[in-house]
Number of protein chains: 2
Amino acid sequence: MVTIYDIAKRANVSSMTVSRVINNSGTVKEETRKKVEQIIKELNYIPNSAARSLNIKETKILSLIITDITNPFFTKVARGAEDKAKQMGYRLLLSNSDESLEKESEYINMILSSGVDGVLIAPSGDQSKKNLRTLIKHRIPFVLIDREVDGIQSDVVMGDNFDGTRKLIEHIIQQGHRKIALINGPSNISTARAREKAFIETLQLSGIQPEENLMYNISFKQNNAEKIVEKLVSLKKAERPTAIFAANNFIAVDTVKALRDLGKSVPEDMAIVCFDDPEPIPGFNPFLTVAAQPDYNFGYLGVQLLIERIEKKGPQGFQRIVLPPEIHISKSSIKG
Amino acid sequence: MVTIYDIAKRANVSSMTVSRVINNSGTVKEETRKKVEQIIKELNYIPNSAARSLNIKETKILSLIITDITNPFFTKVARGAEDKAKQMGYRLLLSNSDESLEKESEYINMILSSGVDGVLIAPSGDQSKKNLRTLIKHRIPFVLIDREVDGIQSDVVMGDNFDGTRKLIEHIIQQGHRKIALINGPSNISTARAREKAFIETLQLSGIQPEENLMYNISFKQNNAEKIVEKLVSLKKAERPTAIFAANNFIAVDTVKALRDLGKSVPEDMAIVCFDDPEPIPGFNPFLTVAAQPDYNFGYLGVQLLIERIEKKGPQGFQRIVLPPEIHISKSSIKG
DNA sequence: CTGTTAGCGCCTTCAG
DNA sequence: CTGAAGGCGCTAACAG
């Protein structure tokens with residue numbers, strides 16, 4: 001391995017001069033700089049980042065913790081995050097928590113020891129407070145994406161869950177539906193709470209009384225909605241919903257599949273609207289009516305805030321960026 | 001920051017003993033080990049990985065270079081890679097080359113200086129040889145995924161492009177099509193070459209003469225197929241294809257959109273089959289007939305080979321794992 | 001503009 | 001089973 005000393009020797013300078021050339025720091029005579037640079041090329045010298053990190057205590061590595069890269073929403077978040085990170089000279093570590101506090105904790109531990117400069121995280125829920133506290137204790141800057149956590153002050157980039165939900169529900173009411181079910185995520189996740197609140201209030205504003213037996217909390221992960229759908233479908237006609245609001249894309253997909261398996265058709269037997277688009281390519285094969293979030297920007301802006309925080313260029317107080325969703329109306333909620 | 005010395009002092013041992021406890025190396029009396037471990041907990045000690053890496057020359061970080069995480073095929077590859085990496089105690093860096101040699105080269109440079117232990121890469125094409133040679137020169141192990149590179153010997157995990165293509169084309173011929181167009185990726189990518197070869201040979205075996213003016217090479221990226229589709233559609237009826245083989249999912253999506261914009265319907269006016277599923281959730285909203293690859297395993301097995309190579313547990317020779325695709329027949333190729 | 005000294009936190013080597 | 005000395009490759013702080 002060729003080190004800074006090998007370069008120094010060949011160039012008849014000290015290691016410090018080489019260091020200055022590499023980092024463009026201090027002042028070096030144009031002539032010596034040229035010489036050093038040439039020798040660096042000749043010898044294919046590459047600075048050792050471990051040694052560098054040991055000194056200056058920064059790695060130029062960020063950690064992205066999402067629940068599942070396979071969820072098209074987070075796929076785009078990751079792409080936005082990576083793009084911005086690269087642009088700013090940072091690398092990005094990928095982690096999938098699968099909505100599990102335990103996995104999240106494991107990643108947090110790995111983060112502490114691998115010395116990343118900052119963390120962009122979609123927390124698994126309010127219980128993540130524990131993990132975020134750990135980050136705070138170790139002075140590792142972080143930015144929350146998509147989800148807030150009760151009792152944690154920080155920068156955050158999130159969607160307008162209330163507004164998106166309200167528009168979806170208004171739309172479905174406008175389509176003539178009065179019995180509307182909610183299949184929601186766990187209530188320890190801020191997005192689920194906001195969506196439920198908006199669901200209830202929007203119904204009430206239209207003079208519809210929200211019904212307990214039409215509202216369910218399951219996981220935001222795949223393969224969870226089937227039983228709920230069966231239950232809803234098997235209700236007596238008078239009690240049965242004619243529309244379902246799926247609180248995220250995975251739940252929506254499950255719901256559609258479950259209905260299909262039950263021989264029900266969408267939207268004739270059951271209308272569906274959902275938050276977050278399950279399609280990676282919007283508008284390709286449009287079927288579901290969705291509140292599509294600017295997912296790419298969640299990641300892009302998140303990394304931007306994070307780097308500002310790391311490099312202390314950010315404002316003193318925490319920033320809270322709320323991005324509005326776009327409603328895309330499609331077959332799943334329109335009759336005929 | 002609490003260091004190994006702080007622990008040593010408190011425990012009345014030397015830093016070496018602490019080091020031995022941390023790494024489970026050498027021998028330490030059960031009693032002292034217990035004491036040290038307790039103090040580590042009390043003080044919330046976390047080993048500094050930069051210092052560690054500086055000594056032992058390993059980071060437990062792998063780099064994944066794909067063309068675009070947003071492509072559902074690579075999304076799954078990434079998930080498989082991350083799962084295996086985590087299981088083996090490694091972290092994974094994410095990079096999107098966007099099929100660009102330049103971006104790929106930038107990432108390779110970052111890799112060299114950030115000292116990752118190994119690289120899992122879907123090369124941008126045969127021109128990546130340059131970058132792979134750089135990795136070889138710097139003794140950084142790598143495994144190719146999805147694509148081989150002319151003149152590079154290495155471990156590789158890839159799909160059976162010939163077989164998948166053959167089955168798709170046989171299917172489309174069986175549907176009565178004789179004029180079949182190919183919208184392929186660039187011929188400097190091994191998968192594109194294999195798919196073209198299989199396309200031509202399968203046609204010939206069925207007594208159909210491949211036609212130059214029905215075969216095109218574009219990029220594997222999004223938003224490229226429109227002009228080709230327009231050209232194909234505007235051919236005189238006698239020359240016009242009745243089916244299109246899109247060589248990857250992005251091309252297929254573009255093709256479907258372009259046809260839609262031109263007022264053509266699929267499969268009535270034009271049948272479509274493609275390699276790689278554009279749906280993140282197979283079978284959710286089935287439309288396209290596809291050769292779906294075991295994408296998750298590309299990443300999972302790729303990382304497995306890579307770690308074996310890094311830890312020198314792998315066989316001397318290089319491994320070449322070829323995974324068969326599954327054909328999913330759907331509306332886009334079946335009439336009425 | 002350049003060099004010297006010291007040390008980042010850990011692990012290897014060798015002694016005991 | 002444990003410790004002392006030295007070094008990994010680099011840079012901060014100072015000196016010239």
Side-chain angles (χ1 to χ4, degrees), chain A residues 1-40 43-61 89 110-117 138-140, chain B residues 1-37 39-40 43-61 110-117 138-140:
Chain A
M1 164 174 268
V2 27
T3 78
I4 211 172
Y5 286 103
D6 301 320
I7 308 296
K9 206 175 294 172
R10 276 251 213 161
N12 281 315
V13 295
S14 78
S15 65
M16 265 319 293
T17 303
V18 179
S19 173
R20 289 192 183 99
V21 170
I22 294 165
N23 299 297
N24 248 308
S25 62
T27 47
V28 181
K29 210 202 299 178
E30 191 51 29
E31 195 186 319
T32 39
R33 145 165 277 116
K34 282 259 167 71
K35 186 163 60 174
V36 169
E37 278 170 348
Q38 199 204 318
I39 295 177
I40 285 177
L43 268 56
N44 273 307
Y45 165 73
I46 288 157
N48 178 319
S49 66
R52 184 156 208 279
S53 294
L54 187 54
N55 272 295
I56 66 180
K57 274 114 184 54
E58 67 173 42
T59 56
K60 293 284 182 187
I61 294 181
M110 291 174 102
I111 278 165
L112 295 177
S113 64
S114 58
V116 308
D117 290 347
H138 290 274
R139 298 222 161 64
I140 299 177
Chain B
M1 161 174 272
V2 27
T3 77
I4 211 172
Y5 286 103
D6 302 321
I7 307 297
K9 208 175 293 174
R10 278 251 213 161
N12 281 316
V13 294
S14 77
S15 65
M16 264 320 294
T17 303
V18 179
S19 174
R20 290 192 182 98
V21 170
I22 293 165
N23 299 295
N24 249 307
S25 61
T27 48
V28 181
K29 211 202 299 178
E30 192 50 30
E31 197 186 319
T32 38
R33 143 165 277 116
K34 282 258 166 74
K35 186 164 59 173
V36 169
E37 277 169 348
I39 295 177
I40 284 177
L43 267 55
N44 274 308
Y45 165 72
I46 289 158
N48 177 319
S49 65
R52 185 157 206 280
S53 295
L54 187 54
N55 273 294
I56 65 179
K57 273 109 185 60
E58 66 172 45
T59 57
K60 293 282 182 189
I61 294 181
M110 291 174 102
I111 278 166
L112 295 178
S113 64
S114 57
V116 308
D117 290 348
H138 290 275
R139 297 222 161 66
I140 299 177

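Below, chain A is the first sequence line, B the second, and so on; all start at residue 1. The shown structure was predicted, so the numbers you read here are calculated from the model rather than taken from an experiment.
No donor-acceptor pair under 3.5 Å is formed between the side chain of Ser19(A) and the backbone N or O of Ser15(A). Judged by distance alone, with hydrogens and angles left aside, the side-chain atoms of Thr59(B) form a donor-acceptor pair with the main-chain N or O of Gly115(B) at under 3.5 Å.
Side-chain nitrogen and oxygen atoms of Arg52(A) include at least one within less than 4.0 Å of the OP1 or OP2 phosphate oxygen of dT11(D). For dT11(D), one of the phosphate oxygens OP1 or OP2 lies less than 4.0 angstrom from a side-chain nitrogen or oxygen of Ser19(A). Residue Ser15(A) places none of its side-chain N or O atoms closer than 4.0 Å to OP1 or OP2 of dG3(C).
Here Thr27(B) lies in heavy-atom contact (under 4.0 Å) with a base. Across all strands shown, Leu54(B) has heavy atoms under 4.0 Å from base atoms, whether or not it also approaches the sugar-phosphate. Within 4.0 Å (heavy atoms only), Ser25(A) reaches no atom of the nucleic acid at all. Residue contacts for Thr3(B): at a heavy-atom cut-off of 4.0 Å it reaches the sugar-phosphate backbone alone, with no base atom in range.
A salt bridge is defined here as a Lys NZ or Arg NE, NH1 or NH2 lying under 4.0 Å from an Asp or Glu carboxylate O, and Glu31(B) with Lys35(B) fails to meet this definition.
Whole-Å rounding puts the Ile22(A) CD1 to dT11(D) C1' distance at 10 Å. Rounded to whole angstrom, the span from the CD1 atom of Ile4(A) across to the P atom of dG7(C) amounts to 19 Å. The CG-P distance, from Asp6(A) to dG9(D), rounds to 9 Å in whole Å. Between the CE atom of Met1(A) and the P atom of dC8(D) there is a distance of 12 Å, given to the nearest Å. Atom NZ in Lys34(B) sits roughly 17 Å away from atom C1' in dC1(D) (whole-Å rounding). Straight-line distance from the OH atom of Tyr45(A) to the P atom of dG9(D): 10 Å, rounded to whole Å. The CD-P distance, from Glu58(A) to dC10(D), rounds to 16 Å in whole Å. Per the geometry, CD1 belonging to Ile56(A) stands 11 Å off C1' belonging to dA12(D), to the nearest Å.
Between dC10(C), dT11(D), dG3(D), one nucleotide has an atom nearer to the side chain of Met16(A) than all others, and that is dT11(D). Nearest to the side-chain atoms of Asn23(A) among the listed nucleotides dG3(D), dT11(D), dC10(C) stands dT11(D).
With the nearest nucleotide of DNA chain D identified for both Asn12(B) and Asn55(B), Asn12(B) has the one nearer the 5' end. The nearest heavy atom of DNA chain C to Tyr5(A) and to Lys29(A) marks one nucleotide each, and the one closer to the 5' end goes with Lys29(A).
Between the NZ atom of Lys34(A) and the OG1 atom of Thr32(A) there is a distance of 10.5 Å, given to the nearest 0.5 Å.
Between Ala50(B) and Ser53(A), the closest heavy-atom pair is CB-CB, 3.9 Å.
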